[in-house]
Amino acid sequence: MKAEQLSNLMVIFGGTGDLTHRKLIPALYNLLNEGILPDAFAVVSVGRRNKTSEEYREELKKSVQQYSRFSMEQEKWEVLAQKIHYYPLDFRQGEGYTSLDDYLKKMEKQYGTKGNRMYYLAVAPEYFEVIVDHLHAYEMTDSSEGWKRVVIEKPFGRDLQSARYLNKKITHAFTEQNTYRIDHYLGKEMLQNIMVIRFANAFFEPIWNNKFIDHIQISSSETLGVEERGGYYEKAGVLRDMIQNHMLQLLALTAMEPPVRLDTESIRDEKVKILKGLRKMSVEEIRSNVILGQYGSNGEKKGYRQENRISPTSDTETFMALKVQIENFRWGGVPFYIRTGKRLPKKSTEIIVQFKSIPEILYWKEFENLKPNLLVIRIQPMEGIFMQFNAKKPGTETQIIPVQMDFCQNCEIGSNSPEAYERLLYDVMKGDSTLFTRWDEVEYSWRFIDTIAKAWEREKPLFPNYDAGTWGPKEADELLRKDGRKWWIL
Ligand code: BG6
């Protein structure tokens with residue numbers, strides 16, 4: 001790709017926010033370290049607070065020291081810091097946009113960025129619309145001289161209706177091709193690896209279906225609580241914060257058909273078919289197949305209701321376990337169990353495929369230790385593949401024991417995998433939207449999520465219903481137990 005196409009001015013709305021400090025600027029520093037940040041590049045961070053660019057850079061320096069995966073070297077930091085500028089503006093008001101545009105044009109000249117702009121909306125979701133409206137009204141979205149792309153953080157709407165409305169606003173200002181709806185899970189190394197593992201190996205794909213697979217567990221657990229994001233989380237809850245986006249994307253990648261080509265649209269076409277194929281549940285089914293939880297204090301850690309900016313009577317859920325079915329020929333009859341929550345015992349994201357048991361032949365039944373075959377795709381913090389199968393225990397008597405094969409990607413190839421945001425920012429610069437969600441993916445995931453939200457909105461379980469540091473409410477275990485299964489913790 002020509003350097004000219006990559007060169008750009010990155011305009012961050014929400015320049016003083018958490019995301020910019022913890023993810024965006026460290027990611028840029030790492031891209032510089034890898035030698036792939038274009039030379040013709042600069043950042044203009046827009047924020048409501050008043051401060052100088054020098055003060056702003058000093059603050060960012062501390063964040064890079066804390067969050068970058070490469071340790072900070074002063075010389076390299078200087079190279080990046082010189083490209084970063086702070087621009088104070090109340091982005092809710094239209095008046096300031098003409099001057100902002102003048103300033104951006106000046107920067108474009110100074111850094112030779114060819115009119116290419118990446119507008120990154122790292123702000124609370126209620127500001128997405130107003131910023132996009134102003135950018136359009138002040139003629140800052142025209143791609144005729146240099147591309148103009150917009151990157152939108154999640155959540156994209158809070159239900160199907162609001163997502164549709166927001167999408168209409170955005171497509172009024174930017175084309176679908178120039179709209180990058182970010183789901184940072186898609187930038188994770190092992191998520192990108194799912195397709196390779198499935199489709200580049202002769203021995204996985206033939207058994208990846210309901211003839212051989214008993215069920216699949218997709219689990220993402222966090223040890224952290226809601227931290228400083230109470231204001232946002234109260235409105236989102238785990239359903240909108242994790243399930244509607246990250247967890248459904250994991251599901252789509254695990255279950256999709258092989259795409260006809262490995263290009264952006266072919267891959268997204270297959271993912272969307274899975275989201276479309278999610279079986280709609282009745283209210284009764286939702287009540288027995290979707291388990292909600294909220295953490296309470298365990299004496300040492302606070303409960304959700306005691307956290308900062310959380311109502312003491314909040315009924316927002318911080319945990320969810322659900323059983324879903326995909327209605328197609330490959331997956332008919334195979335349940336997918338999804339589980340995610342805050343303040344669980346460990347930080348881990350995994351996809352566990354449990355294969356069907358071997359036929360019940362008397363001979364094998366004598367062996368109590370016979371365990372099901374498992375294939376585990378470890379997404380984080382460990383990255384790799386784990387397999388469990390049965391083998392003979394060495395010795396004169398025939399005894400069977402489960403054995404494991406473990407390919408640990410971050411142990412063997414190097415533990416410093418790129419952060420999701422590095423890959424994703426670089427992809428926006430390249431104009432590759434494969435790892436971003438297309439509108440119809442968002443649409444079908446909301447259709448599915450809306451029915452769940454509606455079914456539960458009137459009457460929630462009695463919260464809190466699990467102690468911080470445990471695996472969620474007992475009903476989550478019951479969900480699998482009643483199907484004769486259990487959550488694997490490997
Ligand atoms: C974010 C959610 O999208 O993902 C957070 O808003 C969550 O609530 C985070 O903690 C988890 O991301 P990761 O990469 O740490 O698994």
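Everything numeric here is computed off the predicted structure, so don't read it as measured data. Along the sequence shown, residues are numbered consecutively beginning with 1. One-based numbering, in listed order, for ligands and for the atoms of each.
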Review point. Under a heavy-atom criterion of less than 4.0 Å, does Y233 contact ligand 1?
Key: no
Exercise for review: Please determine, by modelled atom types, if E422 and N30 share a side-chain donor-acceptor pair under 3.5 angstrom.
Suggested key: yes
Point to revise | N/O separation below 3.5 Å, T349 to ligand 1 | key: no
Check your understanding: Considering only the protein, which heavy-atom contact is closest to atom 10 (O) of ligand 1, and what is its distance?
Key -> E222 OE1, 2.6 Å
Point to revise | Verdict with reasoning, R69 to E419, per salt bridge (charged side-chain N to carboxylate O under 4.0 Å, His left out) | key: CA-CA 8 Å; R69 72 186 165 97; E419 282 266 344; over 6 Å; no
Name every donor-acceptor pair, under 3.5 Å, that has one atom in a side chain of residues 10-20 and the other anywhere in the protein, sequence neighbours excluded.
residue	atom	partner	partner atom	Å
T20	OG1	G14	O	2.8

Practice item. Could you tell me whether some N/O pair between K347 and ligand 1 is separated by less than 3.5 angstrom? Key: yes
Exercise for review: Can you sort out which atoms of ligand 1 are near K154, meaning under 4.0 Å from one of its heavy atoms?
Suggested key: 1 (C), 2 (C), 3 (O), 6 (O)
Point to revise | K486 NZ/CZ over W488 ring centroid, <6.0 Å and within 45° of normal | key: yes
Exercise for review: Number the atoms of ligand 1 from 1 as they appear, then name those within less than 4.0 Å of a heavy atom of H184, with their elements.
Suggested key: 1 (C), 3 (O), 4 (O), 12 (O), 13 (P), 14 (O)
**Study point:** Contacting atoms of ligand 1, where contact means under 4.0 angstrom from a heavy atom of K342
**Key:** 5 (C), 7 (C), 8 (O), 10 (O)
Review point. If you draw the axis of the six-membered ring of Y185, does the NZ or CZ of K188 fall within 45° of it and under 6.0 Å from the ring centre?
Key: yes
Exercise for review: Would you check, one step at a time, whether the test ring-ring contact (aromatic ring centres under 6.0 Å, His included) holds for Y337 with H215?
Suggested key: CA-CA 8 Å; Y337 299 97; H215 75 277; 5.3 Å; yes
Practice item. Identify which of H246, R229, M242 has a heavy atom lying nearest to atom 5 (C) of ligand 1. Key: R229
Check your understanding: K188 heavy atoms, cut-off 4.0 Å: which ligand 1 atoms fall inside?
Key -> 13 (P), 14 (O), 16 (O)
Point to revise | Close side-chain approach of Y466 to L344, heavy-atom, < 4.5 Å | key: yes
Study note, to complete from the structure: Here the atoms of ligand 1 under 4.0 Å from any heavy atom belonging to D241 are 2 (C), 5 (C), 6 (O), 8 (O)
